[in-house]
Undergrad: 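Structure below; questions to follow.
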Amino acid sequence: MPRNGRYANPSPDDMARGTCTAVIGSMTQAMRAQSILAEAAIRAVVVKVSSAKNTGGCAYGVDLPCTQMSNAKTVLSRTGIKVREYLQG
């Protein structure tokens, strides 16, 4: 992934406060969500979510600081990204 800041990993300070995951589904949609969140100044990382962590089988999602979860929910819903579920910590 590009290292231009747009796809940068969340800062250690953000992640020290807890990481939450928005389970999206496909890799393409997860990458789109990451890009949309970056435009809203929310750092996110695309991750593969194992079936043990979510109820819909294997999927992709984005990890983001839990402190940004409310903002992320708003941004993703307004842009039409369907989130299967949100996982905390």
Side-chain angles (χ1 to χ4, degrees):
M1 285 191 189
R3 300 296 297 172
N4 62 6
R6 194 164 175 211
Y7 299 103
N9 291 333
S11 73
D13 288 341
D14 286 340
M15 290 306 186
R17 294 184 195 113
T19 304
C20 291
T21 304
V23 180
I24 308 288
S26 73
M27 169 69 90
T28 303
Q29 284 296 92
M31 292 176 71
R32 185 168 167 246
Q34 179 188 38
S35 178
I36 289 167
L37 290 171
E39 290 174 11
I42 300 171
R43 293 176 177 233
V45 178
V46 174
V47 295
K48 184 171 183 180
V49 182
S50 72
S51 58
K53 290 186 179 178
N54 76 78
T55 58
C58 288
Y60 287 88
V62 289
D63 277 356
L64 58 131
C66 289
T67 57
Q68 290 291 327
M69 184 59 79
S70 178
N71 295 334
K73 285 180 180 181
T74 301
V75 169
L76 294 174
S77 70
R78 285 185 181 168
T79 56
I81 299 287
K82 296 194 185 320
V83 177
R84 288 186 188 178
E85 66 182 307
Y86 292 94
L87 305 173
Q88 298 231 350

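Basis for what follows: all heavy atoms, side chains included, without hydrogens, waters or symmetry-related copies.
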Undergrad: Scan Met27, Arg32, Met31 and name whichever one has a side-chain contact (heavy atoms from CB on, under 4.5 Å) with Gln29.
TA: Arg32
Undergrad: In the structure I gave you, are the side-chain heavy atoms of Val45 and Thr19 within less than 4.5 Å of one another anywhere?
TA: no
Undergrad: Within the side chain of Glu85, is there an N or O that forms a donor-acceptor pair under 3.5 Å with the backbone of Val23?
TA: no
Undergrad: With rounding to the nearest 0.5 angstrom, report the CE to CD distance, Met69 to Gln88.
TA: 6.0 Å
Undergrad: So among Leu37, Thr21, Val49, Ile36, which one has a side-chain contact (heavy atoms from CB on, under 4.5 Å) with Val62?
TA: Leu37
Undergrad: Any chance you could measure Tyr86, atom OH, to Ser70, atom OG, to the nearest 0.5 Å?
TA: 9.5 Å
Undergrad: If we check side-chain contact (heavy atoms from CB on, under 4.5 Å) with Ile24, which of these qualifies: Val47, Val46, Val83?
TA: Val83
Undergrad: Compare every heavy atom of Ala30 with every heavy atom of Gly61, then report the nearest pair and how far apart it is.
TA: O-CB, 3.9 Å
Undergrad: Just verifying a value: how many Å separate Leu76 CG and Ile42 CD1, rounded to the nearest 0.5 Å?
TA: 7.5 Å
